[in-house]
Asker: 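Have a look at this one before I ask anything.
Counting starts at 1 for both ligands and their atoms, following the listed order.
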Amino acid sequence: MKNIQMVDLHSQYLKIKKEIDEKWEEVMESCAFINGPMVKQFQADLEAYLGVKHVIPCGNGTDALQVALMSLNLKPGDEVITTTFTFIATAEVVALLGLTPVLVDVDADTFNIDVSAIEKAITPKTKAIVPVHLFGQCANMEQILAIAQKHNLYVIEDACQAIGATYTFSNGTARKAGTMGTIGCTSFFPSKNLGCYGDGGAIFTNDDNIAYQLRGIVNHGMFKRYYHDMVGVNSRLDSLQAAVLDVKLKYLDEYAQARNRVAAYYNQAFANCDKLVIPVVSDKSTHVFHQYTLKAKGVDREKLIAYMAEKHIPVMIYYPVPLHLQKAYQDKRYQHGDFPVSEQLCKEVISLPMHTELDEEQLKYITENLLAAIKYAAK
Ligand SMILES: *Cc1c(COP(=O)(O)O)cnc(C)c1O
């Protein structure tokens with residue numbers, strides 16, 4: 001049996017090696033490493049795939065979020081609402097810009113922002129909501145956009161884990177993750193669903209003025225060559241990464257199908273285990289399973305992970321600590337018990353290997369061992 005990894009980038013690479021190697025050679029021959037034709041090609045192809053007017057490539061997903069916030073003319077102290085159960089980058093950029101992250105709890109089933117908590121968190125200083133499409137399915141965008149419209153707020157989608165997921169509104173309109181709010185952000189970190197072979201990211205918008213701002217900000221706040229109208233950053237997607245991404249974009253939907261097949265195998269294997277709660281898929285969003293995350297109830301999670309490690313099966317905890325309990329984000333506003341759903345999830349969640357190259361033999365081995373581990377670690 002092939003070694004089991006959380007993400008198997010090498011096996012995936014081998015399947016597309018010829019295409020990737022050819023494109024890399026093309027970039028090497030051209031030596032157009034920055035802002036070359038490959039970047040423009042990928043940008044256009046991603047715009048077409050997403051059905052969005054503007055894609056602005058940048059250096060990584062964290063930069064995408066930061067630049068998105070920088071484009072909106074916010075003032076220090078303005079408040080940005082996001083969830084406490086996410087990767088740190090979502091709130092990090094808010095704090096770095098001198099804005100105030102206002103955290104809310106998540107829905108226990110989907111792990112996405114609890115929409116009913118958003119309105120309660122809105123104050124006169126609130127300027128934006130940052131829903132995170134966690135683990136690969138979209139937050140409840142219909143309601144989030146309605147709240148944003150009512151209170152005149154921007155919506156910045158953190159779609160770093162959900163590129164390719166589709167959300168369907170009640171009027172039947174279907175939109176891709178990251179293209180519904182004011183601005184959408186994604187990451188091309190290697191382990192993401194559309195991952196490059198280094199760092200990369202992109203920002204999406206349908207708003208021409210915001211797109212103009214975003215393009216200037218990623219390029220040192222420069223709108224006319226060597227005239228700097230605002231303090232910007234240097235954040236670029238390089239041509240070698242764009243080449244990888246342009247190849248992999250063609251397979252993105254196939255990759256999502258492969259991930260869904262893995263999820264279906266897991267779901268079936270765990271359906272009758274009363275100590276495991278399988279992922280809940282919203283009826284409004286497709287799921288691209290960036291992670292396959294279970295809730296383990298009534299088990300000693302450390303013992304379970306140790307058992308799996310003995311069997312050479314990696315099991316990860318996304319995430320062990322909610323943002324409001326992170327040391328760097330200690331804040332008099334928040335304490336233990338403020339966000340009970342997220343705090344409970346941090347104690348219960350486990351994520352299993354999830355990637356496009358898992359085969360039946362590996363899945364059988366993983367599921368059988370997890371069921372055994374559950375018995376072993378039962379409390
Ligand atoms: C990966 C990720 C980011 C950051 O992306 P990088 O490319 O690593 O900077 C931000 N938010 C979420 C939810 C992510 O999963």
Side-chain angles (χ1 to χ4, degrees), residues 6-7 9 42 46 55-70 80-97 101 103-104 106-107 110-113 128-139 141 144 155-165 177-178 181 183-204 214 218 233-238 240-242 244-245 248 256 259 285 287-293 316-323 326 328-329 342 345-346 349 351 354-355:
M6 284 303 286
V7 181
L9 294 175
F42 170 62
L46 188 58
V55 164
I56 295 92
C58 66
N60 56 67
T62 308
D63 281 1
L65 289 161
Q66 179 178 332
V67 170
L69 287 166
M70 287 172 78
V80 176
I81 297 174
T82 192
T83 89
T84 190
F85 189 64
T86 175
F87 180 57
I88 198 71
T90 317
E92 183 178 61
V93 294
V94 177
L96 272 177
L97 293 173
L103 302 173
V104 297
V106 294
D107 173 72
T110 61
F111 312 123
N112 277 328
I113 195 163
I129 308 169
V130 184
V132 183
H133 304 314
L134 202 72
F135 301 150
Q137 72 176 324
C138 295
M141 287 305 291
I144 292 166
V155 174
I156 300 176
E157 297 172 69
D158 182 340
C160 289
Q161 301 189 0
I163 193 160
I183 305 177
C185 299
T186 206
S187 163
F188 304 125
F189 185 78
S191 64
K192 298 284 156 96
N193 289 35
L194 180 60
C196 57
Y197 295 165
D199 271 310
I203 318 167
F204 320 137
L214 294 168
V218 295
V233 297
N234 170 22
S235 186
R236 300 186 275 242
L237 181 72
D238 71 70
L240 287 167
Q241 302 313 330
V244 173
L245 291 166
K248 287 176 73 170
R259 288 171 176 274
S285 175
H287 204 315
V288 293
F289 285 101
H290 174 61
Q291 298 297 343
Y292 181 89
T293 302
M316 298 291 287
I317 298 172
Y318 303 119
Y319 297 91
V321 183
L323 301 194
Q326 294 284 357
Y329 291 78
S342 297
L345 288 175
C346 288
V349 286
S351 298
M354 172 51 85
H355 56 79

Asker: Kindly say whether Cys196 contributes a backbone atom to a donor-acceptor pair with the side chain of Lys248 at under 3.5 angstrom?
Answerer: no
Asker: Should you measure from each heavy atom of Val132, which atoms of ligand 1 turn up under 4.0 Å away?
Answerer: 13 (C)
Asker: Rounded to the nearest 0.5 Å, what separates atom OH in Tyr292 from atom CZ in Phe135?
Answerer: 12.5 Å
Asker: Please verify whether a non-hydrogen atom of His133 lies at under 4.0 Å from ligand 1.
Answerer: no
Asker: Judging by distance only, is a nitrogen or oxygen of Thr86 under 3.5 angstrom from one on ligand 1?
Answerer: no
Asker: If I apply the N/O under 3.5 Å rule, does Thr62 come out as touching ligand 1?
Answerer: yes
Asker: I'd like to check whether Asp199 has a polar contact with ligand 1, where a contact means an N/O of the residue lying under 3.5 Å from an N/O of the ligand.
Answerer: no
Asker: Would you indicate whether the side-chain heavy atoms of Leu46 and Phe204 approach each other to under 4.5 Å?
Answerer: yes
Asker: Taking all non-hydrogen atoms of both residues, which atom of Thr186 and which atom of Ala64 are closest, and how far apart?
Answerer: O-CB, 4.0 Å
Asker: I'd like to check Pro322 versus Cys346 (side-chain heavy atoms, cut-off strictly below 4.5 Å). Are they in contact?
Answerer: yes
Asker: For the residue pair Glu157 and His133, confirm or rule out a side-chain donor-acceptor distance under 3.5 Å.
Answerer: yes
Asker: Between Gly61 and ligand 1, is there a nitrogen or oxygen pair with a distance under 3.5 Å?
Answerer: yes
Asker: Between Asp63 and ligand 1, is there a nitrogen or oxygen pair with a distance under 3.5 Å?
Answerer: no
Asker: May I ask you to list the atoms of ligand 1 that are less than 4.0 angstrom from any heavy atom of Asn60?
Answerer: 7 (O), 9 (O)
Asker: Only heavy atoms of Ser187, strictly under 4.0 Å: list the atoms of ligand 1 that pass.
Answerer: 5 (O), 6 (P), 7 (O)
Asker: Assess the side chains of Thr84 and Ser342: does a donor N or O sit below 3.5 Å from an acceptor N or O?
Answerer: no
